[in-house]
Asker: 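Just passing along the structure, written as C-alpha coordinates.
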Amino acid sequence: ATPAYYNAEAAKKEAYDKAVADAAPVLAKENATQAEVDAAKKAVDDAKAKLDGQPTNKEALTNAANADATATKATPAYYNAEAAKKEAYDKAVADAAPVLAKENATPAEVEAAKKAVDDAKAALDGQPTNKEALTNAANADATATKATPAYYNAEASKKEAYDKAVADAAPALAKENATQEEVDATK
(Lines give C-alpha, C1' and ligand atoms only; values in the text may rest on other atoms or scores of the structure.)
Protein backbone atom coordinates (compact mmCIF):
# COMPACT_ATOMS: atom_id res chain seq x y z
CA ALA A 1 0.00 0.00 0.00
CA THR A 2 1.17 3.48 -0.80
CA PRO A 3 0.43 6.80 0.93
CA ALA A 4 -1.65 7.70 -2.13
CA TYR A 5 -3.97 4.84 -1.10
CA TYR A 6 -3.86 4.62 2.69
CA ASN A 7 -3.99 8.38 3.21
CA ALA A 8 -6.64 8.97 0.52
CA GLU A 9 -10.18 10.05 1.27
CA ALA A 10 -12.39 7.10 2.21
CA ALA A 11 -14.67 7.51 -0.83
CA LYS A 12 -11.69 7.42 -3.22
CA LYS A 13 -10.27 4.31 -1.53
CA GLU A 14 -13.67 2.64 -1.78
CA ALA A 15 -13.91 3.52 -5.49
CA TYR A 16 -10.46 2.05 -6.09
CA ASP A 17 -11.27 -1.10 -4.08
CA LYS A 18 -14.52 -1.51 -6.05
CA ALA A 19 -12.72 -1.11 -9.41
CA VAL A 20 -10.17 -3.76 -8.37
CA ALA A 21 -12.94 -6.09 -7.15
CA ASP A 22 -14.91 -5.55 -10.36
CA ALA A 23 -11.80 -6.38 -12.42
CA ALA A 24 -11.23 -9.73 -10.67
CA PRO A 25 -13.99 -11.62 -12.53
CA VAL A 26 -12.71 -10.28 -15.86
CA LEU A 27 -9.23 -11.58 -15.02
CA ALA A 28 -10.66 -14.93 -14.01
CA LYS A 29 -12.82 -15.20 -17.13
CA GLU A 30 -11.15 -17.57 -19.59
CA ASN A 31 -12.63 -16.07 -22.71
CA ALA A 32 -12.68 -12.39 -21.74
CA THR A 33 -12.57 -10.07 -24.69
CA GLN A 34 -9.90 -7.45 -25.12
CA ALA A 35 -12.59 -4.79 -24.71
CA GLU A 36 -13.61 -6.24 -21.31
CA VAL A 37 -9.98 -6.38 -20.16
CA ASP A 38 -9.33 -2.83 -21.41
CA ALA A 39 -12.48 -1.50 -19.70
CA ALA A 40 -11.58 -3.17 -16.38
CA LYS A 41 -8.01 -1.86 -16.59
CA LYS A 42 -9.24 1.65 -17.40
CA ALA A 43 -11.62 1.59 -14.42
CA VAL A 44 -8.77 0.54 -12.10
CA ASP A 45 -6.36 3.09 -13.59
CA ASP A 46 -8.94 5.89 -13.37
CA ALA A 47 -9.75 5.08 -9.75
CA LYS A 48 -6.02 4.82 -8.95
CA ALA A 49 -5.34 8.22 -10.53
CA LYS A 50 -7.93 9.78 -8.20
CA LEU A 51 -6.23 8.48 -5.05
CA ASP A 52 -4.89 11.65 -3.46
CA GLY A 53 -3.26 10.56 -0.22
CA GLN A 54 0.01 12.28 0.67
CA PRO A 55 2.95 10.80 2.59
CA THR A 56 2.54 11.04 6.35
CA ASN A 57 4.72 13.75 7.90
CA LYS A 58 6.36 12.24 10.99
CA GLU A 59 8.85 15.07 11.60
CA ALA A 60 7.07 16.64 14.59
CA LEU A 61 6.53 13.26 16.27
CA THR A 62 10.13 12.24 15.57
CA ASN A 63 11.35 15.41 17.27
CA ALA A 64 8.94 15.05 20.23
CA ALA A 65 9.95 11.43 20.82
CA ASN A 66 13.70 11.93 20.39
CA ALA A 67 15.58 15.23 20.75
CA ASP A 68 12.78 17.01 22.61
CA ALA A 69 12.30 14.03 24.94
CA THR A 70 16.01 14.03 25.79
CA ALA A 71 15.90 17.76 26.52
CA THR A 72 12.69 17.42 28.56
CA LYS A 73 14.20 14.71 30.76
CA ALA A 74 16.99 17.12 31.70
CA THR A 75 14.55 19.68 33.11
CA PRO A 76 13.23 20.03 36.68
CA ALA A 77 9.72 19.75 35.25
CA TYR A 78 10.59 16.11 34.49
CA TYR A 79 13.10 14.98 37.10
CA ASN A 80 11.24 16.64 40.00
CA ALA A 81 7.80 15.58 38.73
CA GLU A 82 5.58 13.07 40.48
CA ALA A 83 6.60 9.51 39.59
CA ALA A 84 3.25 8.74 37.92
CA LYS A 85 3.57 11.78 35.66
CA LYS A 86 7.14 10.85 34.68
CA GLU A 87 5.95 7.30 33.93
CA ALA A 88 3.09 8.64 31.79
CA TYR A 89 5.54 10.81 29.83
CA ASP A 90 8.00 7.93 29.39
CA LYS A 91 5.15 5.68 28.20
CA ALA A 92 3.90 8.26 25.68
CA VAL A 93 7.43 8.64 24.29
CA ALA A 94 7.86 4.85 24.14
CA ASP A 95 4.45 4.42 22.50
CA ALA A 96 5.51 6.84 19.75
CA ALA A 97 8.28 4.47 18.57
CA PRO A 98 6.01 1.88 16.90
CA VAL A 99 4.07 4.66 15.15
CA LEU A 100 7.33 6.12 13.85
CA ALA A 101 8.48 2.67 12.73
CA LYS A 102 5.19 1.87 11.00
CA GLU A 103 5.73 2.38 7.28
CA ASN A 104 2.09 3.16 6.52
CA ALA A 105 1.21 5.16 9.63
CA THR A 106 -1.66 7.50 8.94
CA PRO A 107 -1.64 11.18 9.81
CA ALA A 108 -4.28 10.44 12.46
CA GLU A 109 -2.03 7.86 14.15
CA VAL A 110 0.94 10.25 14.08
CA GLU A 111 -1.15 13.14 15.40
CA ALA A 112 -2.58 10.97 18.21
CA ALA A 113 0.91 9.84 19.28
CA LYS A 114 2.22 13.44 19.15
CA LYS A 115 -0.76 14.65 21.19
CA ALA A 116 -0.13 11.93 23.80
CA VAL A 117 3.52 13.03 24.14
CA ASP A 118 2.56 16.71 24.27
CA ASP A 119 -0.21 16.14 26.85
CA ALA A 120 2.07 14.02 29.06
CA LYS A 121 4.80 16.67 28.79
CA ALA A 122 2.35 19.43 29.74
CA ALA A 123 1.33 17.41 32.82
CA LEU A 124 4.90 17.25 34.17
CA ASP A 125 4.77 19.31 37.34
CA GLY A 126 8.31 19.29 38.70
CA GLN A 127 9.63 22.55 40.11
CA PRO A 128 13.23 23.80 40.09
CA THR A 129 15.36 22.20 42.78
CA ASN A 130 15.74 24.42 45.85
CA LYS A 131 19.33 24.11 47.10
CA GLU A 132 19.24 27.13 49.42
CA ALA A 133 18.91 25.26 52.73
CA LEU A 134 21.59 22.76 51.77
CA THR A 135 23.92 25.53 50.57
CA ASN A 136 23.53 27.34 53.88
CA ALA A 137 24.02 24.17 55.90
CA ALA A 138 27.12 23.15 53.96
CA ASN A 139 28.76 26.58 53.82
CA ALA A 140 28.01 29.43 56.25
CA ASP A 141 26.27 27.26 58.86
CA ALA A 142 29.07 24.68 58.74
CA THR A 143 31.72 27.36 59.26
CA ALA A 144 29.78 28.81 62.18
CA THR A 145 29.13 25.37 63.66
CA LYS A 146 32.82 24.47 63.60
CA ALA A 147 33.53 27.57 65.71
CA THR A 148 31.21 26.43 68.51
CA PRO A 149 32.14 24.43 71.62
CA ALA A 150 29.52 21.87 70.61
CA TYR A 151 31.72 21.04 67.64
CA TYR A 152 35.27 21.48 68.86
CA ASN A 153 34.56 19.78 72.22
CA ALA A 154 32.64 16.91 70.61
CA GLU A 155 33.90 13.35 70.40
CA ALA A 156 36.10 12.74 67.36
CA SER A 157 33.59 10.29 65.84
CA LYS A 158 30.79 12.89 66.04
CA LYS A 159 33.00 15.58 64.48
CA GLU A 160 33.95 13.13 61.71
CA ALA A 161 30.27 12.32 61.11
CA TYR A 162 29.43 16.04 60.88
CA ASP A 163 32.37 16.72 58.55
CA LYS A 164 31.35 13.77 56.39
CA ALA A 165 27.75 15.06 56.15
CA VAL A 166 29.02 18.49 55.07
CA ALA A 167 31.35 16.86 52.51
CA ASP A 168 28.53 14.63 51.24
CA ALA A 169 26.50 17.74 50.44
CA ALA A 170 29.08 18.97 47.90
CA PRO A 171 28.17 16.56 45.07
CA ALA A 172 24.46 17.39 45.34
CA LEU A 173 25.24 21.10 45.32
CA ALA A 174 27.59 20.75 42.34
CA LYS A 175 25.22 18.56 40.31
CA GLU A 176 23.45 20.82 37.82
CA ASN A 177 20.31 18.71 37.56
CA ALA A 178 20.13 17.36 41.10
CA THR A 179 16.62 16.35 42.03
CA GLN A 180 14.85 17.83 45.02
CA GLU A 181 14.87 14.34 46.50
CA GLU A 182 18.69 14.12 46.22
CA VAL A 183 19.13 17.55 47.83
CA ASP A 184 16.67 16.81 50.61
CA ALA A 185 18.37 13.49 51.36
CA THR A 186 21.72 15.27 51.82
CA LYS A 187 20.49 17.91 54.29
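Heavy atoms only: backbone and side chains are in, while hydrogens, waters and symmetry mates are out. Note that this is a predicted model, so its numbers are computed, not measured.
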Asker: Taking all non-hydrogen atoms of both residues, which atom of Pro128 and which atom of Pro76 are closest, and how far apart?
Answerer: CA-CB, 3.6 Å
Asker: Transitively linked via ILVMFWY side-chain contacts under 4.5 Å: Tyr79 with Leu124?
Answerer: yes
Asker: What residues form a side-chain contact (heavy atoms from CB on, under 4.5 Å) with Asp118, not counting sequence neighbours?
Answerer: Lys114
Asker: With Asn57, which residues qualify under side-chain hydrogen bond (donor to acceptor under 3.5 Å, both in side chains), at least two apart?
Answerer: none
Asker: Who are the side-chain hydrogen bond (donor to acceptor under 3.5 Å, both in side chains) partners of Tyr78, not counting sequence neighbours?
Answerer: Asp90
Asker: Could you grab the distance from atom CG of Asn80 to atom CG of Asn177, nearest 0.5 Å is fine?
Answerer: 9.5 Å
Asker: Taking only residues two or more places apart in sequence, or in another chain, which ones meet Lys175 in a salt bridge (charged side-chain N to carboxylate O under 4.0 Å, His left out)?
Answerer: Glu182
Asker: State which residues pass side-chain contact (heavy atoms from CB on, under 4.5 Å) with Ala69; sequence neighbours excluded, sorted by chain then number.
Answerer: Tyr89, Val93
Asker: Of all the heavy-atom pairs spanning Ala178 and Val183, show the shortest one and how long it is.
Answerer: CB-CG2, 4.1 Å
Asker: Please name all residues satisfying side-chain hydrogen bond (donor to acceptor under 3.5 Å, both in side chains) with Lys85, sequence neighbours left out, ordered by chain then number.
Answerer: Asp125
Asker: Sort and list the pairs that fulfil salt bridge (charged side-chain N to carboxylate O under 4.0 Å, His left out) and have at least one residue in residues 149-159, not counting sequence neighbours.
Answerer: none
Asker: Using 0.5 Å steps for rounding, measure from the CD atom of Glu87 to the CD atom of Glu82.
Answerer: 11.0 Å
Asker: Suppose the criterion is salt bridge (charged side-chain N to carboxylate O under 4.0 Å, His left out): which pairs have a residue in residues 53-63, not counting sequence neighbours?
Answerer: none
Asker: Grab the two heavy atoms, one from Pro171 and one from Ala167, that are nearest each other, plus how far apart they are.
Answerer: CD-O, 3.4 Å
Asker: With sequence neighbours excluded, tell me which residues meet side-chain hydrogen bond (donor to acceptor under 3.5 Å, both in side chains) with Lys86.
Answerer: none
Asker: State which residues pass side-chain contact (heavy atoms from CB on, under 4.5 Å) with Asp38; sequence neighbours excluded, sorted by chain then number.
Answerer: Gln34
Asker: Hey, could you give me each pair passing ring-ring contact (aromatic ring centres under 6.0 Å, His included) that has a residue in residues 104-127? Not counting sequence neighbours.
Answerer: none
Asker: What's the shortest heavy-atom distance between Ala19 and Ala43, and which atoms?
Answerer: CB-O, 3.7 Å
Asker: Show the atom names and distances, to 0.1 Å, of all donor-acceptor pairs under 3.5 Å that link a side chain in residues 95-105 to residues at least two apart or in another chain.
Answerer:
residue, atom, partner, partner atom, Å
Asp95, OD2, Lys91, NZ, 2.6
Lys102, NZ, Glu109, OE1, 3.2
Lys102, NZ, Glu109, OE2, 2.6

